[in-house]
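First the structure, in the form of structure tokens, and then the observations on it.
Just so you know, these numbers come straight off a predicted model, no measurement behind them. Naming: A, B, ... by sequence-line order, numbering from 1 per chain.
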There are 2 protein chains.
Amino acid sequence: MEPIAGGPAQLVLTASIARRYYVDGRSKVEIADEFRLSRFKVARLLDQARSSGLVRIEISHPGNVDLDLSARLQETFGLRRAIVVDTPEVDPAALRLQLGKAAAELLTEIVTTDDVLGLAWARAVTAMTDQLTSLARVPVVQLTGALSRPDVEANSVELVRHTARLSGGPAYLFYAPLVVPEATTARALRQQPEVAEAIGHFDSVTKAVVGLGSWAPGQSTLYDAMDENACEQLQRRGVVADISGVFVDAKGVPVQSKVTDRVIAINAEQMNAIDEVIAIPYGLGKVEAVRAAVRSGLVNGIVTHSPLARALLDEVT
Amino acid sequence: MEPIAGGPAQLVLTASIARRYYVDGRSKVEIADEFRLSRFKVARLLDQARSSGLVRIEISHPGNVDLDLSARLQETFGLRRAIVVDTPEVDPAALRLQLGKAAAELLTEIVTTDDVLGLAWARAVTAMTDQLTSLARVPVVQLTGALSRPDVEANSVELVRHTARLSGGPAYLFYAPLVVPEATTARALRQQPEVAEAIGHFDSVTKAVVGLGSWAPGQSTLYDAMDENACEQLQRRGVVADISGVFVDAKGVPVQSKVTDRVIAINAEQMNAIDEVIAIPYGLGKVEAVRAAVRSGLVNGIVTHSPLARALLDEVT
DNA sequence: CGCAGCTCCGCTCATATGAGCAGACGGTTT
DNA sequence: AAACCGTCTGCTCATATGAGCGGAGCTGCG
């Protein structure tokens with residue numbers, strides 16, 4: 001594997017040939033003519049140069065995306081997209097900013113005029129849309145109601161409106177909370193014209209960005225906004241993750257419950273029909289939630305940071 | 001030239017493809033199948049990966065040979081061999097040791113049983129033979145008489161004998177000084193059986209290692225050993241280098257003179273007939289001598305250190 | 001010696017690859 | 001709307017390349 005060349009002259013020759021081939025881009029035939037060797041000899045010297053480590057090939061780039069982790073995450077979990085931002089940042093707000101930036105670039109890249117974009121309410125999604133600089137002209141559909149929190153200025157409606165304006169496409173949005181105390185209220189809200197219209201567009205959504213929470217205190221804005229009873233009930237049902245209002249257990253199976261009816265959001269079946277669903281998880285507390293979300297097949301794109309990506313890959317080993 | 005990829009997803013894709021291609025050694029066709037792309041797309045992404053700097057290819061090795069300088073020296077001066085040892089060493093003795101080691105490895109590598117090896121007397125050549133560990137079975141021919149100096153233990157004879165013993169081939173050696181005060185003495189010496197026999201083998205020598213001095217005090221053991229008159233006379237004739245007793249001017253033209261007749265050594269014509277003649281120059285004072293020696297075509301192999309190599313290349317620019 | 005085992009070489013032939021072309025698309029200008 | 005331009009795509013076909021073969025030369029062993 002690593003027995004370097006046979007002598008200094010051959011070493012120099014091999015290096016010269018390697019430079020001609022790899023750096024100057026000449027063909028082996030040309031090189032063979034130049035050095036008065038057979039093309040086979042050239043090929044063998046080049047093989048040797050590679051296997052001896054004389055020629056080293058590195059893949060890296062100046063930005064902060066960890067290409068290797070991204071690719072491994074993508075392959076390991078069978079994802080359509082995986083972007084791992086290489087950062088040691090731990091502050092959630094700063095992390096959201098960085099991941100939001102990466103997600104924004106991703107969205108700009110992958111959304112074409114044929115798409116219909118769905119956006120769920122989540123702080124990470126807001127961080128993304130805030131940093132969106134351009135987007136193909138597409139309809140933008142609001143996928144969930146909003147939660148009002150003191151630490152968040154933008155709501156689900158603003159998020160959608162802003163994105164649609166940037167895109168130049170129509171916005172399908174509505175004013176409603178993500179979760180209400182009674183199922184009947186939720187049903188009534190779904191009847192409202194704007195809500196019904198948005199829901200009517202769920203089927204045509206081709207790409208969506210959703211929130212992803214771990215079903216535990218402080219790991220999901222939905223958990224924190226819900227009454228204790230509901231939280232516990234879902235936990236008893238094995239829920240480990242909420243994907244913008246869709247609850248899934250550790251095996252990735254969506255969980256139906258009375259609580260589900262109280263949520264104004266896209267449901268599991270509709271989400272499953274969407275071609276690409278991207279989540280932006282961060283924080284090591286979300287390892288299991290991500291795993292469940294990916295297993296469910298509902299989420300097939302991930303934008304995250306390197307510590308979480310590593311944790312996800314480590315546990316697989 | 002350096003505009004990196006278009007978006008993060010493409011970046012990750014390109015990196016994955018680059019890894020498959022360059023690291024895993026898969027063909028573009030295989031990669032195309034794997035990623036559901038056309039082979040053209042794969043080729044284009046790979047081109048982009050190269051030109052954007054995503055894929056970097058380095059040629060280097062753990063040893064102390066500067067491959068790039070070696071190759072450039074070889075190409076620039078049209079040399080058959082060039083080995084540049086990368087070392088900051090300035091002490092002549094230590095430098096001789098390092099260059100001798102490299103030259104020994106070179107000799108081991110390039111000498112085959114079909115060769116006839118010629119060795120001139122020089123401290124650098126001694127440093128080489130001292131570090132020879134193996135050599136194909138070849139006749140070894142002494143090319144010059146010896147100079148006895150207080151700081152040198154081995155003489156030309158020992159040098160040849162030692163090498164022949166290592167090789168297992170016959171030695172053609174003789175006891176005579178490199179230079180004598182009178183041309184008649186030199187002629188007489190050349191008539192001696194051993195000397196004549198060695199000289200008789202000059203024509204069959206195929207590879208030789210010679211000394212190379214700059215024609216100035218302290219830059220050539222021959223200069224230092226000669227009478228002042230002779231030195232000056234040669235200098236007036238434009239001599240800038242002595243190649244184991246062969247004097248050449250700045251243009252590389254061998255200089256004949258009365259002094260030449262006093263030297264017991266291979267002559268310019270005979271040296272010119274040798275396929276490979278390797279010198280081991282060191283010290284920045286020898287820049288012009290090396291240039292002259294190479295220009296003459298008499299020397300077509302160089303083993304040297306990086307500062308001298310750089311000086312040689314710099315002056316060309 | 002003479003022969004097995006080795007490395008190294010250049011060959012054939014199937015496959016991979018590159019150069020350059022033409023169609024498709026999106027965006028812009030008349 | 002029509003014409004245009006730049007970009008991106010996949011194609012054809014000539015060329016480059018890889019896999020694997022058999023021969024030459026060297027080495028060590030019986």
Produce the list of close N/O pairs, under 3.5 Å, pairing protein atoms with atoms of nucleotides 12-19 of chain D; give distances to one decimal.
from: D/dT17; atom 1: OP1; to: A/Lys28; atom 2: N; distance (Å): 3.3
from: D/dT17; atom 1: OP2; to: A/Lys28; atom 2: N; distance (Å): 2.7
from: D/dT17; atom 1: OP2; to: A/Val29; atom 2: N; distance (Å): 3.1
from: D/dG18; atom 1: OP1; to: A/Lys28; atom 2: NZ; distance (Å): 3.1
from: D/dG18; atom 1: OP2; to: A/Lys28; atom 2: NZ; distance (Å): 2.6
from: D/dG18; atom 1: O6; to: A/Arg39; atom 2: NH2; distance (Å): 2.7

- Query: Counting only heavy atoms not in A/Arg56, do more than 12 fall under 6.0 Å of its CZ?
  - Reply: yes
Comparing nearest nucleotides in DNA chain D, the 5'-proximal residue of the pair A/Arg44, B/Ser38 is B/Ser38
Residue set satisfying side chain to side chain donor-acceptor pair (under 3.5 Å) with B/Asn300, at least two apart, ordered chain then number -> none
Check your understanding: Salt bridge between A/Glu75 and B/Arg19, side-chain N to carboxylate O under 4.0 Å?
Key -> yes
Sub-3.5 Å donor-acceptor pair from the side chain of B/Thr108 to the main-chain atoms of B/Ser134, do we have one?
yes
By nearest-nucleotide position on DNA chain D, the 5'-leaning member of B/Asp114 and B/Leu37 is B/Leu37
Rounded to whole Å, CG of B/Leu45 lies from C1' of D/dG10 at a distance of 14 Å
Looking at B/Arg161 and B/Glu158, is any side-chain nitrogen of the basic one under 4.0 Å from a carboxylate oxygen of the acidic one?
yes
Side chains of A/Asp86 and A/Ser306: donor-acceptor distance under 3.5 Å anywhere?
-> yes
* Asked: Does B/Lys41 place a side-chain N or O at less than 4.0 Å from the phosphate oxygens OP1/OP2 of D/dT9?
  -> yes
